[in-house]
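Predicted model, so just to flag it, every value in this text is computed and none were measured.
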Amino acid sequence: MFKLIAVCFLILPLTGCWDIKEVQDMNYVTAIGIDYEDGQYVVYTQMLDFTKVAKTETGKSDKPAQVWVSKTKGKTINWAVDQVYNSSQRRTVWSHISSIVIIDKVMQSAVLPKLDSIGRYQEVRMTPWVFGTSHSIEELFNAQAFFNMSPLFTILHEPIDQFNQRSVIAPIRYFDFLADLTEPGYTGMLPSLSIDTETWSTGDKRDPKMSINGGYCLYDEKINGFLAVKDLDGLRWMQKETKRSPLLVTDGGIQSVVALSTPKIRTKLSFVQGEPKFHIHVKLHGNVVEVSEDVSKTELEKSAANVVKEEILATFYKGMDTQSDVYSLEHLVFKQNPAAWKRLKQASGMSTIINKQSLESVMVDVHLEHTGMKLLPRKD
């Protein structure tokens with residue numbers, strides 16, 4: 001009897017699960033988009049059916065995945081978000097947001113105050129991927145993945161797999177995005193998300209898919225300029241995140257393709273008559289993907305290095321056309337000589353202290369580690 005009474009007293013303080021919410025009883029927001037029109041913020045949210053994602057072991061289905069996209073307006077972002085609750089039917093959970101998309105109009109002026117509510121709300125983590133866009137956010141959120149798979153298997157939610165295979169513009173997390181905005185003299189590169197309507201088709205219909213079509217140069221919390229993908233070829237050799245990127249070698253009449261990876265970048269700063277000058281040295285490793293004519297390994301390495309150098313310079317000059325310091329050389333001045341940076345900043349009437357004459361030299365070394373099953377002769 002005493003044992004029974006003791007057990008009863010032990011059971012009483014135990015917590016129950018009568019207030020637990022099942023997965024199907026809540027709305028899970030997976031992406032949020034921010035637009036601005038007619039003096040009001042427009043907030044888009046994307047919701048998925050997680051119960052179907054969980055039940056499908058292979059991730060595939062015989063029907064396209066269901067996506068719900070909301071559109072609400074308000075004087076502030078938080079006020080626009082609050083309007084979602086008017087018709088959400090059930091509790092809305094924000095802890096599963098894995099992507100934030102910002103329209104370019106929002107970034108024309110200081111963007112940090114506009115994102116204040118996102119960082120303050122305790123459910124939203126600091127790890128979502130961040131993208132800029134000039135495209136319709138509603139269309140982006142409704143874009144389908146391949147094979148009727150979950151929209152979680154798209155660039156919007158998981159861009160790193162595609163970047164590891166063909167590195168162009170490094171994806172950026174929300175906490176890194178905020179850090180870049182507040183770093184003195186730093187130019188952050190925000191990937192631009194768009195819809196590719198030409199590449200893919202299924203049956204006799206075009207199948208639009210998301211793609212990265214360029215990058216926004218962000219300086220002092222706002223857009224400095226936009227560069228298309230074709231103008232950012234040099235950026236991939238100047239970012240340490242690059243995993244693998246193909247290079248078409250056309251130098252000296254050679255027609256070849258090599259895949260280069262893991263750049264090691266050394267940037268040296270000097271001052272000439274008080275002006276900053278930069279000397280860049282890049283080392284790259286890679287392998288031969290395709291060779292259309294007989295060429296030695298030494299010649300191919302030299303030609304590849306020349307092409308990489310040309311791309312680095314071309315991207316730098318293209319950025320300077322919009323006063324965008326694509327490689328964040330100004331930030332190096334701030335870190336190594338803050339007094340000089342402050343002096344130059346006060347004297348300059350431009351958005352950056354860097355100009356086309358600031359980059360004095362670029363040296364590139366390419367080492368091809370293997371050439372596939374067919375060996376190339378080496379000429380020393």
Who passes side-chain contact (heavy atoms from CB on, under 4.5 Å) against [X], sequence neighbours left out?
X    : value
K114 : Y41, I77, V106, S109
T322 : S324
P113 : A110, E221
D116 : R120

Checklist entry - What pairs meet the salt bridge (Lys or Arg N to Asp or Glu O under 4.0 Å) rule with one or both residues in residues 202-219, with sequence neighbours excluded? => result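 Residue pairs with at least one partner in residues 202-219: D207-K209.
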
Requested in this report: May I have all residue pairs that pass salt bridge (Lys or Arg N to Asp or Glu O under 4.0 Å) and include part of residues 336-345, sequence neighbours excluded?
Outcome: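 For residues 336-345, and leaving out neighbouring residues, the salt bridge (Lys or Arg N to Asp or Glu O under 4.0 Å) pairs sorted by first residue read E330-K345.
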
Assess whether a salt bridge exists between K71 and E139, defined as any Lys/Arg side-chain N lying under 4.0 Å from an Asp/Glu carboxylate O.
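Here K71 does not pair with E139 in a salt bridge, since their nearest N and O are not under 4.0 Å apart.
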
Quick note, ring-ring contact (aromatic ring centres under 6.0 Å, His included) partners involving residues 220-262, not counting sequence neighbours, are Y216-F226

Exercise for review: Over all heavy atoms of both residues, which pair between Y327 and E311 is shortest? Give the atoms and the distance, please.
Suggested key: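 Smallest interatomic distance, heavy atoms only, reads OH-O, 4.2 Å.
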
Applying ring-ring contact (aromatic ring centres under 6.0 Å, His included) to H285 and not counting sequence neighbours gives H367

Could you pull out every donor-acceptor pair under 3.5 Å between side chains of residues 332-339 and any protein atom, sequence neighbours left out?
from	atom 1	to	atom 2	distance (Å)
N337	OD1	A340	N	3.0

Taken in chain and number order and not counting sequence neighbours, the residues that satisfy side-chain hydrogen bond (donor to acceptor under 3.5 Å, both in side chains) with N164 are none

By side-chain hydrogen bond (donor to acceptor under 3.5 Å, both in side chains), N78 pairs with (sequence neighbours left out) none

Anything under 3.5 Å between a donor and an acceptor, one on a side chain of residues 165-172, the other on a protein residue two or more places apart or in another chain? List them.
from	atom 1	to	atom 2	distance (Å)
S167	OG	F163	O	2.7
S167	OG	K243	N	3.0
S167	OG	R244	N	3.3
S167	OG	R244	O	3.2

